[in-house]
Amino acid sequence: MKYLSDYTNEAQTEMFEKYGVFFAFSKEQFEKGMKKVGADESNRISDFGNGMYALSKNADAIIEALDNIHKDAIARDIEEN
C-alpha cells in the first residue's frame, strides 16, 4: 500500500531544487541556506513554517506548486487505490 507521501516526494524534491527551497533548524543551517540561495537585503527570505525557507520572490510559485503537487498526488492515489 502506498501513502500520499509516496506520490508527492519526487515532485516536491524537484520543485525545492527549482525554486531554491531549503530547510534549516539551526542558525548554522539557516546561514548556509541563505548563502546557497544568494539571499541578502535586496533578495529576502520567506519562512514557510516547519523549517522551510526560500527567496520571497518565489513564494507564490512555491505555494502554487505545492498545492498542485498535493492535488495531483490525491488524484493518483485515488486512481491506483
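All values derive from a computational prediction rather than experimental measurement.
- Across Val37 and Gly20, no two heavy atoms sit closer than the pair CG1-O, 3.1 Å.
- How far OH of Tyr19 is from CD1 of Ile63: 11.5 Å, rounded to the nearest 0.5 Å.
- Val21 is not listed as a side-chain neighbour of Tyr53, based on a closest heavy-atom distance of 4.5 Å or more.
- A heavy-atom distance below 4.5 Å is found between the side chains of Phe22 and Met34.
- Of the inter-residue distances, the one linking Asn81 atom CG with Arg76 atom CZ reads 10.5 Å to the nearest 0.5 angstrom.
- Side chain of Asn9 to main chain of Asp6: no donor-acceptor pair is present (N/O by atom type, distance under 3.5 Å, no hydrogens or angles).
- Formation of a donor-acceptor pair under 3.5 Å by the Asn58 side chain with backbone atoms of Ala61 is not found in this model.
- With contacts defined as side-chain heavy-atom distances shorter than 4.5 Å, the pair Phe25/Asn50 does not qualify.
- Using modelled atom types, no side-chain atom of Glu31 and backbone atom of Glu28 make a donor-acceptor pair closer than 3.5 Å.
- Under the 6.0 Å cut-off for aromatic ring centres, Phe16 and Phe23 qualify, their centroids lying closer than that.
- Put simply, the side chain of Tyr7 reaches to within 4.5 Å of the side chain of Lys2, judged on heavy atoms.
- Interatomic distance, Ser5 OG to Glu10 CD, rounded to the nearest 0.5 Å: 13.0 Å.
- In this structure, Glu17 has no salt bridge (Lys or Arg N to Asp or Glu O under 4.0 Å) partners at least two apart in sequence or on a different chain.
- The only option from Asp60, Asn68, Asp67 that meets the side-chain contact (heavy atoms from CB on, under 4.5 Å) definition with Glu64 turns out to be Asn68.
- Here the CG-CG distance, from Leu55 to Asn43, works out to 4.5 Å after rounding to the nearest 0.5 Å.
- Distance check, rounded to the nearest 0.5 Å: NZ of Lys57 to OG of Ser46 gives 12.0 Å.
- The backbone N or O of His70 lies less than 3.5 Å from no partner atom in the side chain of Thr8, so there is not a single donor-acceptor pair.
- Proximity of Met15 to Ile69: side-chain heavy atoms (C-beta onward) are separated by under 4.5 Å at one or more points.
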